Protein chains: 2
Amino acid sequence: MKKIDIFKKLRSSGLRPTKQRVEIAKFLFERDKTFHFTIESLDKLLAKKTTSRFALATIYNTVHAFKNAGHLSEVDVRGKKTYFDTNITNHHHFYDNETLELIDIDASEVVIQKIPKAPNGKKIKNVEVFINLKN
Amino acid sequence: MKKIDIFKKLRSSGLRPTKQRVEIAKFLFERDKTFHFTIESLDKLLAKKTTSRFALATIYNTVHAFKNAGHLSEVDVRGKKTYFDTNITNHHHFYDNETLELIDIDASEVVIQKIPKAPNGKKIKNVEVFINLKN
DNA sequence: ATTCTAGTTTATAATTATTCTAAAGAGAAA
DNA sequence: TTTCTCTTTAGAATAATTATAAACTAGAAT
(Lines give C-alpha, C1' and ligand atoms only; values in the text may rest on other atoms or scores of the structure.)
Protein backbone atom coordinates (compact mmCIF):
# COMPACT_ATOMS: atom_id res chain seq x y z
CA MET A 1 0.00 0.00 0.00
CA LYS A 2 1.44 3.32 -1.03
CA LYS A 3 1.55 6.45 1.02
CA ILE A 4 -1.04 8.04 -1.23
CA ASP A 5 -3.51 5.36 -0.14
CA ILE A 6 -2.73 6.00 3.48
CA PHE A 7 -3.62 9.63 2.94
CA LYS A 8 -6.83 8.61 1.22
CA LYS A 9 -7.78 6.39 4.13
CA LEU A 10 -7.16 9.23 6.53
CA ARG A 11 -9.02 11.81 4.51
CA SER A 12 -11.97 9.51 3.92
CA SER A 13 -12.11 8.99 7.68
CA GLY A 14 -12.29 12.72 8.21
CA LEU A 15 -8.79 12.83 9.63
CA ARG A 16 -5.99 15.21 8.78
CA PRO A 17 -2.78 13.30 8.09
CA THR A 18 -0.74 14.11 11.15
CA LYS A 19 2.46 12.34 12.10
CA GLN A 20 0.79 10.02 14.60
CA ARG A 21 -2.12 9.16 12.35
CA VAL A 22 0.09 8.43 9.38
CA GLU A 23 2.17 6.09 11.50
CA ILE A 24 -0.87 4.28 12.83
CA ALA A 25 -2.37 4.00 9.35
CA LYS A 26 0.87 2.72 7.84
CA PHE A 27 1.22 0.19 10.59
CA LEU A 28 -2.32 -1.05 10.10
CA PHE A 29 -2.67 -1.00 6.35
CA GLU A 30 0.80 -1.37 4.83
CA ARG A 31 0.92 -5.11 5.16
CA ASP A 32 0.14 -8.14 3.03
CA LYS A 33 -2.07 -10.06 5.40
CA THR A 34 -4.90 -8.60 7.40
CA PHE A 35 -4.58 -8.78 11.16
CA HIS A 36 -6.44 -8.51 14.45
CA PHE A 37 -5.62 -6.30 17.37
CA THR A 38 -6.88 -4.61 20.49
CA ILE A 39 -6.11 -1.02 21.39
CA GLU A 40 -3.69 -2.30 23.98
CA SER A 41 -1.83 -4.61 21.63
CA LEU A 42 -1.69 -1.90 18.97
CA ASP A 43 -0.24 0.51 21.50
CA LYS A 44 2.52 -1.95 22.40
CA LEU A 45 3.25 -2.80 18.78
CA LEU A 46 3.50 0.86 17.85
CA ALA A 47 5.81 1.51 20.77
CA LYS A 48 8.14 -1.24 19.52
CA LYS A 49 7.90 -0.47 15.85
CA THR A 50 8.20 3.29 15.85
CA THR A 51 10.12 5.95 17.70
CA SER A 52 7.14 8.27 18.18
CA ARG A 53 5.16 8.28 21.36
CA PHE A 54 1.42 7.89 21.20
CA ALA A 55 -1.16 8.87 23.77
CA LEU A 56 -3.72 6.11 24.24
CA ALA A 57 -6.48 8.58 23.46
CA THR A 58 -4.96 9.23 20.05
CA ILE A 59 -4.97 5.54 19.28
CA TYR A 60 -8.57 5.18 20.43
CA ASN A 61 -9.67 8.16 18.38
CA THR A 62 -7.83 7.15 15.24
CA VAL A 63 -8.93 3.53 15.36
CA HIS A 64 -12.53 4.51 15.92
CA ALA A 65 -12.42 6.99 13.05
CA PHE A 66 -11.15 4.21 10.79
CA LYS A 67 -13.83 1.91 12.05
CA ASN A 68 -16.58 4.46 11.48
CA ALA A 69 -15.29 5.06 7.98
CA GLY A 70 -15.38 1.32 7.32
CA HIS A 71 -11.64 0.78 7.09
CA LEU A 72 -11.63 -1.47 10.12
CA SER A 73 -14.18 -3.83 11.53
CA GLU A 74 -14.94 -4.68 15.11
CA VAL A 75 -15.18 -8.30 16.18
CA ASP A 76 -17.36 -9.66 18.97
CA VAL A 77 -15.28 -11.57 21.42
CA ARG A 78 -16.35 -12.61 24.85
CA GLY A 79 -14.20 -10.62 27.20
CA LYS A 80 -13.37 -7.12 28.18
CA LYS A 81 -11.29 -5.85 25.35
CA THR A 82 -12.55 -4.86 21.95
CA TYR A 83 -10.92 -6.55 18.99
CA PHE A 84 -10.48 -4.89 15.62
CA ASP A 85 -9.79 -6.45 12.26
CA THR A 86 -8.16 -4.91 9.22
CA ASN A 87 -10.09 -7.40 7.14
CA ILE A 88 -13.29 -5.58 6.25
CA THR A 89 -14.59 -8.09 3.73
CA ASN A 90 -17.49 -10.25 4.77
CA HIS A 91 -15.94 -13.10 6.70
CA HIS A 92 -16.10 -15.13 9.89
CA HIS A 93 -13.87 -16.09 12.81
CA PHE A 94 -12.40 -18.88 14.80
CA TYR A 95 -11.63 -17.86 18.36
CA ASP A 96 -9.05 -19.82 20.25
CA ASN A 97 -10.17 -19.71 23.86
CA GLU A 98 -6.73 -20.81 25.06
CA THR A 99 -4.54 -18.26 23.30
CA LEU A 100 -7.29 -15.63 22.99
CA GLU A 101 -6.44 -15.39 19.31
CA LEU A 102 -8.75 -14.66 16.41
CA ILE A 103 -8.35 -16.48 13.11
CA ASP A 104 -10.10 -15.39 9.95
CA ILE A 105 -12.43 -17.66 8.04
CA ASP A 106 -13.13 -16.67 4.49
CA ALA A 107 -16.80 -16.17 3.71
CA SER A 108 -16.59 -18.91 1.09
CA GLU A 109 -15.60 -21.42 3.77
CA VAL A 110 -18.99 -21.15 5.41
CA VAL A 111 -22.21 -21.99 3.63
CA ILE A 112 -25.46 -21.48 5.44
CA GLN A 113 -28.36 -23.43 4.04
CA LYS A 114 -31.17 -22.18 6.16
CA ILE A 115 -31.67 -19.05 8.16
CA PRO A 116 -34.77 -17.60 9.82
CA LYS A 117 -36.31 -14.48 8.38
CA ALA A 118 -35.96 -11.25 10.31
CA PRO A 119 -38.76 -10.40 12.78
CA ASN A 120 -41.50 -7.79 12.13
CA GLY A 121 -40.25 -4.76 10.26
CA LYS A 122 -36.59 -5.60 10.60
CA LYS A 123 -33.99 -6.50 8.03
CA ILE A 124 -30.90 -8.63 8.30
CA LYS A 125 -27.82 -6.46 8.37
CA ASN A 126 -25.26 -9.24 8.40
CA VAL A 127 -24.62 -12.74 9.66
CA GLU A 128 -21.60 -13.48 11.79
CA VAL A 129 -20.42 -17.01 12.39
CA PHE A 130 -18.16 -17.37 15.37
CA ILE A 131 -16.51 -20.71 16.00
CA ASN A 132 -15.06 -21.27 19.44
CA LEU A 133 -12.03 -23.55 19.61
CA LYS A 134 -10.74 -25.76 22.37
CA ASN A 135 -7.70 -28.02 22.60
CA MET B 1 -40.38 -24.53 38.13
CA LYS B 2 -40.81 -25.59 41.72
CA LYS B 3 -38.84 -24.35 44.66
CA ILE B 4 -37.15 -27.69 44.98
CA ASP B 5 -35.59 -27.13 41.56
CA ILE B 6 -34.39 -23.73 42.62
CA PHE B 7 -32.59 -25.38 45.51
CA LYS B 8 -31.08 -27.92 43.15
CA LYS B 9 -29.82 -25.19 40.86
CA LEU B 10 -28.24 -23.41 43.79
CA ARG B 11 -26.68 -26.52 45.26
CA SER B 12 -25.33 -27.64 41.90
CA SER B 13 -23.76 -24.23 41.53
CA GLY B 14 -22.01 -24.60 44.86
CA LEU B 15 -24.23 -22.02 46.48
CA ARG B 16 -26.02 -22.25 49.77
CA PRO B 17 -29.66 -21.24 49.41
CA THR B 18 -29.69 -17.88 51.12
CA LYS B 19 -32.53 -15.40 50.88
CA GLN B 20 -30.91 -13.30 48.16
CA ARG B 21 -29.82 -16.24 46.08
CA VAL B 22 -33.22 -17.90 46.25
CA GLU B 23 -34.86 -14.70 45.07
CA ILE B 24 -32.44 -14.28 42.19
CA ALA B 25 -32.85 -17.92 41.18
CA LYS B 26 -36.64 -17.74 41.34
CA PHE B 27 -36.66 -14.61 39.29
CA LEU B 28 -34.41 -16.15 36.65
CA PHE B 29 -35.75 -19.65 36.42
CA GLU B 30 -39.40 -19.60 37.49
CA ARG B 31 -40.73 -18.47 34.16
CA ASP B 32 -42.12 -20.04 31.03
CA LYS B 33 -39.98 -18.38 28.43
CA THR B 34 -36.24 -17.98 28.65
CA PHE B 35 -34.94 -14.45 28.74
CA HIS B 36 -31.89 -12.26 28.29
CA PHE B 37 -30.47 -9.79 30.74
CA THR B 38 -27.45 -7.82 31.83
CA ILE B 39 -26.37 -7.47 35.45
CA GLU B 40 -27.69 -3.93 35.39
CA SER B 41 -31.09 -4.86 34.01
CA LEU B 42 -31.37 -7.75 36.44
CA ASP B 43 -30.57 -5.43 39.32
CA LYS B 44 -33.34 -3.05 38.28
CA LEU B 45 -35.84 -5.83 37.69
CA LEU B 46 -35.10 -7.34 41.09
CA ALA B 47 -35.48 -3.96 42.73
CA LYS B 48 -38.94 -3.61 41.19
CA LYS B 49 -40.07 -7.17 41.68
CA THR B 50 -38.95 -7.85 45.23
CA THR B 51 -38.70 -5.99 48.47
CA SER B 52 -35.23 -7.23 49.36
CA ARG B 53 -32.20 -5.14 48.66
CA PHE B 54 -29.34 -6.64 46.69
CA ALA B 55 -25.73 -5.55 46.58
CA LEU B 56 -24.45 -5.51 43.00
CA ALA B 57 -21.63 -7.79 44.06
CA THR B 58 -24.14 -10.39 45.18
CA ILE B 59 -25.82 -10.32 41.80
CA TYR B 60 -22.51 -10.59 39.99
CA ASN B 61 -21.40 -13.48 42.17
CA THR B 62 -24.65 -15.39 41.92
CA VAL B 63 -25.03 -14.93 38.19
CA HIS B 64 -21.46 -16.03 37.58
CA ALA B 65 -21.89 -19.08 39.77
CA PHE B 66 -24.95 -20.04 37.72
CA LYS B 67 -23.04 -19.44 34.53
CA ASN B 68 -20.10 -21.55 35.66
CA ALA B 69 -22.47 -24.33 36.64
CA GLY B 70 -24.05 -24.17 33.19
CA HIS B 71 -27.43 -22.83 34.27
CA LEU B 72 -26.93 -19.62 32.33
CA SER B 73 -25.06 -18.83 29.17
CA GLU B 74 -23.20 -15.72 28.20
CA VAL B 75 -23.89 -14.08 24.85
CA ASP B 76 -21.40 -12.11 22.78
CA VAL B 77 -22.76 -8.71 22.01
CA ARG B 78 -20.80 -5.81 20.71
CA GLY B 79 -20.76 -3.32 23.52
CA LYS B 80 -19.69 -2.90 27.04
CA LYS B 81 -22.14 -4.89 29.01
CA THR B 82 -22.24 -8.64 29.29
CA TYR B 83 -25.50 -10.30 28.33
CA PHE B 84 -26.71 -13.52 29.92
CA ASP B 85 -29.32 -15.93 28.68
CA THR B 86 -31.42 -18.37 30.67
CA ASN B 87 -31.66 -20.46 27.50
CA ILE B 88 -28.76 -22.86 27.78
CA THR B 89 -29.67 -25.08 24.87
CA ASN B 90 -27.63 -24.78 21.72
CA HIS B 91 -29.14 -21.86 19.86
CA HIS B 92 -28.39 -18.63 18.06
CA HIS B 93 -29.33 -14.95 18.22
CA PHE B 94 -30.72 -12.02 16.40
CA TYR B 95 -29.43 -8.74 17.75
CA ASP B 96 -31.48 -5.64 17.17
CA ASN B 97 -28.96 -2.83 16.91
CA GLU B 98 -31.68 -0.23 17.44
CA THR B 99 -33.28 -1.53 20.61
CA LEU B 100 -30.16 -3.41 21.80
CA GLU B 101 -32.36 -6.45 22.25
CA LEU B 102 -31.43 -10.08 21.82
CA ILE B 103 -33.87 -12.51 20.25
CA ASP B 104 -33.40 -16.26 20.38
CA ILE B 105 -33.16 -18.38 17.27
CA ASP B 106 -33.74 -22.06 17.74
CA ALA B 107 -30.86 -24.25 16.61
CA SER B 108 -33.18 -25.96 14.15
CA GLU B 109 -33.79 -22.65 12.38
CA VAL B 110 -30.19 -22.49 11.22
CA VAL B 111 -28.63 -25.13 9.03
CA ILE B 112 -25.00 -24.81 8.16
CA GLN B 113 -23.96 -26.76 5.11
CA LYS B 114 -20.24 -26.17 5.09
CA ILE B 115 -17.80 -25.20 7.77
CA PRO B 116 -14.00 -25.16 7.79
CA LYS B 117 -12.16 -27.70 9.89
CA ALA B 118 -10.41 -26.51 13.02
CA PRO B 119 -6.74 -25.50 12.69
CA ASN B 120 -3.78 -27.66 13.84
CA GLY B 121 -4.46 -29.52 17.07
CA LYS B 122 -7.66 -27.67 17.89
CA LYS B 123 -11.22 -28.83 18.11
CA ILE B 124 -14.44 -26.98 17.50
CA LYS B 125 -16.14 -26.23 20.79
CA ASN B 126 -19.28 -24.65 19.39
CA VAL B 127 -20.58 -22.55 16.55
CA GLU B 128 -22.43 -19.33 17.25
CA VAL B 129 -24.48 -17.61 14.59
CA PHE B 130 -25.18 -13.99 15.33
CA ILE B 131 -27.52 -12.09 13.04
CA ASN B 132 -27.44 -8.32 13.28
CA LEU B 133 -30.70 -6.56 12.52
CA LYS B 134 -31.40 -3.11 11.16
CA ASN B 135 -34.63 -1.30 10.42
C1' DA C 1 7.67 32.42 4.05
C1' DT C 2 4.74 34.04 8.09
C1' DT C 3 0.65 34.21 10.47
C1' DC C 4 -3.69 32.53 11.76
C1' DT C 5 -7.14 29.25 12.90
C1' DA C 6 -9.29 25.08 13.34
C1' DG C 7 -8.20 20.68 14.21
C1' DT C 8 -4.79 17.50 17.19
C1' DT C 9 -2.03 15.47 20.71
C1' DT C 10 -1.26 14.68 25.18
C1' DA C 11 -1.53 13.91 30.14
C1' DT C 12 -4.77 13.50 33.19
C1' DA C 13 -9.36 13.23 35.03
C1' DA C 14 -13.88 11.12 34.57
C1' DT C 15 -16.80 7.33 33.59
C1' DT C 16 -18.44 2.68 33.39
C1' DA C 17 -18.43 -2.22 34.10
C1' DT C 18 -16.60 -5.43 36.97
C1' DT C 19 -14.00 -7.43 40.84
C1' DC C 20 -12.01 -7.21 45.42
C1' DT C 21 -12.05 -6.43 50.42
C1' DA C 22 -13.05 -6.28 55.08
C1' DA C 23 -16.48 -6.02 58.45
C1' DA C 24 -21.04 -7.27 59.85
C1' DG C 25 -24.53 -10.80 59.36
C1' DA C 26 -26.75 -15.40 58.75
C1' DG C 27 -26.88 -20.75 57.91
C1' DA C 28 -25.55 -25.14 59.65
C1' DA C 29 -23.54 -28.37 62.89
C1' DA C 30 -22.61 -29.62 67.52
C1' DT D 1 -27.34 -21.70 71.82
C1' DT D 2 -22.70 -21.23 70.44
C1' DT D 3 -19.38 -21.63 67.30
C1' DC D 4 -17.65 -21.62 62.71
C1' DT D 5 -17.78 -20.97 58.13
C1' DC D 6 -19.90 -19.02 54.31
C1' DT D 7 -22.49 -14.58 52.69
C1' DT D 8 -23.88 -10.03 52.09
C1' DT D 9 -22.85 -5.54 51.81
C1' DA D 10 -20.89 -0.92 51.06
C1' DG D 11 -17.33 0.92 49.39
C1' DA D 12 -12.65 0.71 47.48
C1' DA D 13 -9.88 -1.06 43.63
C1' DT D 14 -9.19 -2.21 38.83
C1' DA D 15 -9.54 -2.00 33.92
C1' DA D 16 -11.23 -0.35 29.55
C1' DT D 17 -12.79 3.52 27.50
C1' DT D 18 -14.13 8.37 26.93
C1' DA D 19 -13.94 13.30 28.08
C1' DT D 20 -11.32 17.54 29.12
C1' DA D 21 -8.37 21.30 28.72
C1' DA D 22 -4.04 23.19 27.64
C1' DA D 23 -0.20 23.01 24.58
C1' DC D 24 0.74 22.15 19.86
C1' DT D 25 0.67 21.54 14.49
C1' DA D 26 -1.29 21.23 9.56
C1' DG D 27 -3.06 23.77 6.13
C1' DA D 28 -5.09 27.95 4.53
C1' DA D 29 -4.72 32.85 4.16
C1' DT D 30 -1.81 36.44 3.99
Side-chain angles (χ1 to χ4, degrees), chain A residues 3-4 6-28 36-47 50-69 72 74-84 100 102, chain B residues 3 6-27 36-47 50-69 72 74-84 100 102:
Chain A
K3 188 168 266 187
I4 185 72
I6 292 298
F7 275 63
K8 263 191 205 161
K9 278 218 185 332
L10 286 165
R11 287 260 155 65
S12 64
S13 307
L15 300 176
R16 277 204 308 216
T18 63
K19 183 156 77 65
Q20 287 86 347
R21 287 169 177 171
V22 169
E23 291 216 53
I24 293 173
K26 286 174 72 173
F27 186 81
L28 290 177
H36 304 99
F37 62 94
T38 65
I39 298 292
E40 192 194 13
S41 71
L42 179 57
D43 183 39
K44 283 182 186 158
L45 290 168
L46 285 171
T50 77
T51 51
S52 320
R53 307 256 311 108
F54 295 86
L56 258 189
T58 300
I59 301 178
Y60 272 101
N61 292 339
T62 307
V63 165
H64 279 113
F66 283 141
K67 191 200 104 190
N68 293 334
L72 290 174
E74 200 176 324
V75 186
D76 277 338
V77 176
R78 225 187 287 289
K80 293 182 188 172
K81 291 183 195 152
T82 305
Y83 282 71
F84 294 91
L100 308 183
L102 278 172
Chain B
K3 188 168 265 184
I6 292 298
F7 276 63
K8 264 191 203 161
K9 279 218 185 330
L10 286 165
R11 288 256 157 64
S12 62
S13 306
L15 300 176
R16 280 203 307 217
T18 64
K19 182 158 77 65
Q20 287 85 346
R21 287 169 176 170
V22 169
E23 290 215 52
I24 293 173
K26 286 175 72 173
F27 186 80
H36 304 99
F37 62 93
T38 64
I39 298 292
E40 191 193 12
S41 72
L42 179 57
D43 183 40
K44 284 182 186 158
L45 290 168
L46 285 170
T50 77
T51 52
S52 320
R53 307 258 307 112
F54 296 86
L56 259 189
T58 300
I59 300 178
Y60 272 100
N61 292 339
T62 307
V63 166
H64 280 113
F66 283 142
K67 191 199 102 188
N68 293 334
L72 289 174
E74 201 176 325
V75 186
D76 277 338
V77 176
R78 225 188 288 289
K80 293 182 189 173
K81 291 185 195 151
T82 304
Y83 281 70
F84 294 92
L100 308 183
L102 278 172

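Naming convention: chains lettered A, B, ... in sequence-line order (proteins, then strands); numbering from 1 in each chain. Quick caveat: nothing in here was measured; it's all calculated off a predicted structure.
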Seminar exercise, completed: Out of C:dT18, D:dT8, C:dT10, minimum distance to the side chain of B:Y60 belongs to C:dT18
Exercise. Which residues, if any, of residues 11-19 of chain B bring a heavy atom under 4.0 Å of DNA chain C?
Worked result: none
Exercise. Can you list, by residue number, the residues of residues 37-44 of chain B that have a non-hydrogen atom closer than 4.0 angstrom to DNA chain C?
Worked result: none
Exercise. Side chain of B:S12, backbone of B:K9: donor and acceptor closer than 3.5 Å?
Worked result: yes
For this session: Say whether, by atom type as modelled, one donor and one acceptor occur between the side chain of A:R21 and the main chain of A:L10 under 3.5 angstrom.
Result: no
Problem set entry | Pairwise side-chain contact, A:L28 with A:L42, heavy-atom cut-off 4.5 Å (strictly under) | yes
Exercise. Is there a side-chain contact between A:F27 and A:T50, using heavy atoms and a 4.5 Å cut-off?
Worked result: no
Seminar exercise, completed: Sorted by chain and number, sequence neighbours left out, ring pair (Phe, Tyr, Trp, His ring centres under 6.0 Å) with A:F37 holds for A:F35, A:F84
Exercise. Hey, which of these two, B:R21 or B:K80, hits DNA chain D nearer its 5' end, going by closest nucleotide?
Worked result: B:R21
How many Å lie between [atom1] on [X] and [atom2] on [N], as a whole number?
X	N	atom1	atom2	value
A:N68	D:dT18	CG	C1'	14 Å
B:E23	D:dT7	CD	C1'	15 Å
A:I24	C:dT8	CD1	C1'	12 Å
B:N61	D:dT7	CG	C1'	9 Å
B:L46	D:dT9	CG	P	11 Å

Exercise. Quick one: CG on A:L56 to CG on A:D43, what's the gap to the nearest 0.5 Å?
Worked result: 4.5 Å
Problem set entry | No-hydrogen, no-angle side-chain donor-acceptor test under 3.5 Å, A:S52 and A:E23 | yes
Exercise. At under 4.0 Å, does any side-chain N or O of A:T82 touch on OP1 or OP2 of D:dA16?
Worked result: no
Problem set entry | Any A:Q20 side-chain N or O less than 4.0 Å from OP1/OP2 of C:dT10 | yes
